[in-house]
Amino acid sequence: MTDLLPPDDLAALDFPPDVMRALGHTVVDRAVGHLAGIPTMPSRGDVAADALCRALRAEAPETGRALEPLLDELFDRCIPPSFTTIGAGYLAYIPGGGIYPAALADFIADTTNRFTGIWQAAPALVQLEANVLEWLRAWMGFPETARGVFTTGGSMATFNAIAAARERHLGPDIRRGTLYVSTQAHHCVQKAAKLAGIAADRVREIPVDTAYRMRLDALTEAIAADRAAGLTPFFICSTAGTTNTGAVDPLDAIADLAAREGCWHHVDGAYGACFHLVPELRPLLAGLSRADSLTLDPHKGLFLPYGTGALLVRDGEALRVLHASTAGYLPPNQGEFYDPAQYGPDLSRDFPGLRLWLTFQLVGVARYRAALAEKRALAVEATARLSAVPGLVLDAPPQLSLLAFHLEGPGLTTREAEDRATAALVERVTARGDVMLSGCVAEGRYLARLCVLSFRTRRREMEVAVAQLTAEAATLLAEARAAHDATVGRAAGHPT
Ligand SMILES: *Cc1c(COP(=O)(O)O)cnc(C)c1O
């Protein structure tokens with residue numbers, strides 16, 4: 001069974017229904033089998049795969065092949081050498097997860113393949129996407145005038161926000177505009193600024209306080225200095241949950257400043273905005289609802305598969321003015337219904353709205369609130385236990401669900417030694433295979449970090465993470481002390 005299509009008719013590309021069913025069942029079996037195997041997967045596959053990548057280079061096949069060997073290649077060869085981002089122990093970076101109903105929605109969207117770029121081509125389907133945007137709007141506390149757009153991720157959401165603000169505040173006079181981010185902001189803001197025509201010499205990096213939050217005094221001064229130089233401060237980007245340490249900038253105070261200065265206030269909530277779904281946690285994000293625009297990443301905190309970002313803009317008209325256009329070959333714009341191509345750069349596109357719609361319908365929002373509240377609680381509990389570990393210094397207790405720390409001890413006499421030991425701690429715990437951690441350099445120091453955001457991470461994985469960190473920290477500090485004593489001993493002329 002290699003060629004599944006009629007052998008005597010090369011131009012025939014439609015698979016017979018029974019073949020499609022069989023292929024579909026085969027894929028579902030493999031994919032669900034893969035998910036069932038999560039508990040035995042290493043938390044980080046062996047990604048030293050240069051030789052494999054070279055071996056995989058191949059010409060396009062001239063004739064069709066059988067599915068099974070291709071699935072073997074994918075599931076046995078290509079998928080294992082990767083970070084296990086679907087794993088319950090994935091505490092590295094900002095976890096995603098990838099909730100199953102979204103895959104079903106994509107299958108439906110891809111097989112029915114209706115055109116959802118413009119409202120007229122599939123009005124009721126587009127309405128489902130509009131519903132989801134409306135839900136996000138309400139959960140984030142944005143007003144009814146807000147509009148949004150689904151993007152491929154947080155980076156593209158931020159790009160669209162800067163472009164909308166630039167259009168509104170600067171018009172064609174782009175060079176006079178200046179933009180403000182903290183030193184801890186995600187690097188996508190710098191990329192997005194450049195894409196939106198804001199050159200690097202117009203981007204100001206504002207220092208942070210000891211909790212890694214943007215310093216309001218420094219921001220105020222930077223804005224004043226730019227005004228005095230004849231420039232036009234137009235865009236302040238706060239972060240609601242930084243990638244390094246999970247810091248939430250003082251959103252309320254920055255909103256006040258932005259209002260006084262006539263600046264657009266964007267909040268990058270790619271990691272943190274999801275916690276606004278949980279009413280009890282909203283005080284942690286006070287001021288978020290006042291933003292002029294907000295980046296959300298449903299593929300992080302709403303557990304969707306990668307490729308799902310979103311932008312909300314308080315005054316939806318600013319987003320529409322940026323993107324709205326007409327053409328002789330398109331139906332005239334209507335005003336009543338949400339129309340994706342009028343609010344985003346894409347025309348033809350996939351159907352992200354269905355991914356969220358079907359997932360929320362199947363799961364229900366109550367479970368989302370419970371899961372997000374649990375992730376925050378798990379991070380807080382782990383912090384309480386880790387703060388009792390000798391030598392482990394908490395640089396950033398969780399403002400949301402991310403904590404960061406480093407090692408100190410008698411044998412670690414320099415910053416470099418502490419950095420190396422902390423990096424070794426991340427590596428040794430990850431190498432054990434149960435959980436994956438990652439590190440970062442923040443304000444000149446290497447920090448180990450642990451972010452709880454996968455829906456699969458439960459108390460069990462957190463207990464493993466704490467126990468392994470405790471054990472490996474003790475070993476590392478003992479090793480460092482022994483090495484140090486040996487050096488001191490040698491220096492003092494004692495035999496070693
Ligand atoms: C992940 C992240 C981004 C970038 O989003 P992508 O979806 O990866 O493009 C931006 N900001 C923060 C705070 C993030 O965590």
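One is the number of the first residue; the rest follow in order along the sequence. Remember, it's a predicted structure, so these values are computed and weren't measured experimentally. All ligand and atom numbering here is 1-based and tracks the order in the structure. When reading the values below, keep in mind they use all heavy atoms of this one structure, side chains included, and skip hydrogens, waters and symmetry mates.
- Distances below 4.0 Å separate heavy atoms of Ala270 from the following atoms of ligand 1: 2 (C), 3 (C), 10 (C), 11 (N), 12 (C), 14 (C).
- The distance from atom CG of Leu469 to atom CG of Leu386, rounded to the nearest 0.5 Å, is 5.5 Å.
- Remark: ligand 1 atoms within the under-4.0 Å shell around heavy atoms of Ile94 are 15 (O).
- Regarding atom 11 (N) of ligand 1, its nearest protein heavy-atom neighbour is Asp268 OD2, 2.6 Å.
- Close approach to Cys188 involves these atoms of ligand 1, each under 4.0 Å from a residue heavy atom: 10 (C).
- Within the structure, ligand 1 has Gly241 among the residues with a heavy atom less than 4.0 angstrom away.
- Within the 4.0 Å heavy-atom criterion, the part of Lys300 lying near ligand 1 is the side chain and not the backbone.
- At distances below 3.5 Å, not a single donor-acceptor pair connects side-chain atoms of Asp249 with backbone N or O atoms of Leu251.
- Annotation: His299 is in aromatic contact with Tyr306 [ring centroid separation under 6.0 Å].
- Side-chain contact, Thr178 with Arg202: no donor N or O sits under 3.5 Å from an acceptor N or O.
- Residue contacts with ligand 1 for Ser155 involve both N, CA, C or O and side-chain atoms from C-beta outward (heavy atoms, distance under 4.0 Å).
- Atoms of ligand 1 found under 4.0 Å from any heavy atom of Gly154 (numbered from 1 in listed order, with element): 5 (O), 6 (P), 7 (O), 9 (O).
- Atoms of ligand 1 found under 4.0 Å from any heavy atom of Thr243 (numbered from 1 in listed order, with element): 12 (C), 13 (C), 14 (C), 15 (O).
- Considering backbone and side-chain N/O atoms, Thr242 never comes within less than 3.5 Å of an N/O atom of ligand 1.
- Of the residues listed (Phe360, Phe275, Tyr368), the one engaging Trp139 in a ring-ring contact (aromatic ring centres under 6.0 Å, His included) is Phe360, and it is the only one.
- Protein heavy atom closest to atom 5 (O) of ligand 1, with residue, atom name and distance, is Asp297 OD2, 3.1 Å.
- Interface of Gly153 with ligand 1, defined as ligand atoms under 4.0 Å from a residue heavy atom, comprises 7 (O), 9 (O).
- Taking the centre of each ring, Phe83 and Tyr90 stay at or above the 6.0 Å mark.
- If you run side chain to side chain donor-acceptor pair (under 3.5 Å) between Gln184 and each of Glu205, Glu443, Arg213, only Glu443 comes through.
- Side-chain N/O atoms of Asp395 and His406 include a donor and acceptor closer than 3.5 Å.
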